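To start, the structure itself, in structure tokens.
Small disclaimer: the values here were computed from a predicted structure and weren't measured.
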Amino acid sequence: MRGLEGKGVLISGGSSGIGLAAVRRFVEEGSRVFVGGLDAGEVAAAVDELGAAGGAAGDVSLEADVAALVSVAEATLGRIDVLVNNAGIATKDAFVDITPEAWDRTLAVNLRGMFLVAQAAARSMLAHEPAGGTIVNMASTNALGGEAGFAHYNASKGGVLQLTRTMAVELGPRGIRVNCVCPGFIDTPLNDALATPNERAAYSRERIPLGRAGHVDEVAAAYAFLASDESSFVHGEALVVDGGQLAVM
């Protein structure tokens with residue numbers, strides 16, 4: 001895609017699942033990629049396997065960890081042109097059973113972490129000449145509709161959607177494009193932990209018009225599109241990647 005070759009790309013949550021697929025895609029596009037993740041061993045493996053420029057481990061909900069991540073990424077890449085703000089977690093709990101601790105942790109990673117990484121990266125982008133860049137946040141179809149068992153996750157992703165829109169309003173005039181991706185049901189290690197193979201197959205048959213779960217590479221392609229010059233007039237949008245799930249009445 002136009003505009004990705006040679007660009008400095010920071011990918012949070014880049015050591016597994018969709019994030020790992022995004023690292024692979026951006027490396028293939030000729031970008032210089034810096035991998036962020038929670039587990040140092042997984043980050044190192046992703047860097048070695050895919051030929052990324054570097055990586056660092058840390059918790060995106062912690063301000064000091066985020067500051068260190070962005071600082072090292074900036075030093076490694078020269079400048080951060082693209083942020084793929086991908087880190088996130090999910091657990092399945094009935095609304096009446098969600099503990100304050102589970103609520104707080106989900107919001108801390110999925111929303112506070114999204115804010116902290118985006119803010120630090122935006123400040124970095126604005127500090128360079130010429131100022132500007134592209135930020136792509138990870139939202140979800142759960143930002144656009146409720147799903148039982150995921151009140152904490154749904155709330156966090158709804159927040160990401162509104163955060164994205166507000167960032168777009170404020171940062172667009174300063175040269176930073178901001179969008180988010182809203183994946184539906186994707187084959188990931190995270191979803192593997194939330195449902196059995198039979199449950200996932202039944203969900204795909206019954207809820208998704210294309211009759212299957214999505215692939216991590218299909219979400220990575222959406223990230224690449226929104227980060228590239230191919231989407232130069234796409235701003236403040238939520239790109240849904242769900243096989244038609246939200247089209248079902």
Side-chain angles (χ1 to χ4, degrees), residues 1 4-62 65-90 109-110 112-122 124-125 133-140 157 160 178-181 183 186-193 214-228 241:
M1 292 186 181
L4 291 179
E5 187 170 0
K7 288 296 179 71
V9 180
L10 168 59
I11 301 179
S12 71
S15 58
S16 65
I18 292 170
L20 185 63
V23 173
R24 181 181 298 107
R25 177 59 187 261
F26 279 89
V27 169
E28 290 172 350
E29 293 285 352
S31 303
R32 295 172 297 111
V33 180
F34 192 89
V35 182
L38 187 60
D39 183 275
E42 290 185 353
V43 169
V47 171
D48 291 342
E49 176 188 348
L50 300 178
D59 185 335
V60 295
S61 71
L62 301 177
D65 284 14
V66 170
L69 171 67
V70 173
S71 177
V72 176
E74 184 179 36
T76 302
L77 300 172
R79 67 173 289 163
I80 297 170
D81 299 297
V82 176
L83 167 65
V84 176
N85 208 2
N86 175 79
I89 61 171
V109 174
N110 291 1
R112 174 183 165 87
M114 194 74 53
F115 155 71
L116 288 175
V117 178
Q119 185 185 63
S124 174
M125 292 172 180
T134 305
I135 295 174
V136 188
N137 293 326
M138 167 63 93
S140 170
K157 293 303 184 178
V160 171
V178 186
N179 294 285
C180 65
V181 174
I186 310 296
D187 272 330
T188 65
L190 184 61
N191 276 332
D192 289 347
H215 303 303
V216 290
D217 290 343
E218 292 170 314
V219 184
Y223 277 151
F225 168 70
L226 290 175
S228 76
V241 184

Within the structure provided, determine whether Val160 and Met138 are in side-chain contact (heavy-atom separation under 4.5 Å). no
Look only at the side chain of Asn86 and the backbone of Gly13, and say whether a donor-acceptor pair between them is shorter than 3.5 Å. yes
Glu42 side chain near Leu20 side chain, heavy-atom distance below 4.5 Å: no
Taking the side chain as every heavy atom from C-beta outward, state whether Ile186 and Val216 have any atom pair closer than 4.5 Å. yes
Backbone N or O of Gly8 within a donor-acceptor pair of the Asp81 side chain at under 3.5 Å? yes
Heavy-atom side-chain proximity of Phe34 to Ile80 below 4.5 angstrom: no
Any donor-acceptor N/O pair, Asn85 side chain to Met114 backbone, under 3.5 Å: yes
Side-chain contact, heavy-atom cut-off 4.5 Å: Leu83 with Met125? yes
Any donor-acceptor pair under 3.5 Å from Thr76 side chain to Val72 backbone: yes
List in chain and number order the residues that pass side chain to side chain contact (heavy atoms under 4.5 Å, CB included) with Ala220, two or more places apart in sequence or in another chain; answer none if no residue qualifies. Ala21, Ala22, Arg25
Counting C-beta onward and ignoring hydrogens, is there a side-chain heavy-atom pair between Thr134 and Lys7 closer than 4.5 Å? no
Using modelled atom types only, decide if a donor and an acceptor are shared between the side chain of Arg32 and the backbone of Ala53 within a distance under 3.5 Å. no
With a 6.0 Å cut-off (strictly less than), is the heavy-atom count around CD of Glu5, excluding the residue itself, greater than 12? no
Would a distance-only check, ignoring hydrogens and angles, find a side-chain to backbone donor-acceptor pair under 3.5 Å from Ser12 to Ala87? yes
Does the Asp65 side chain pair with the main chain of Asp59, one donor and one acceptor, at a distance under 3.5 Å? yes
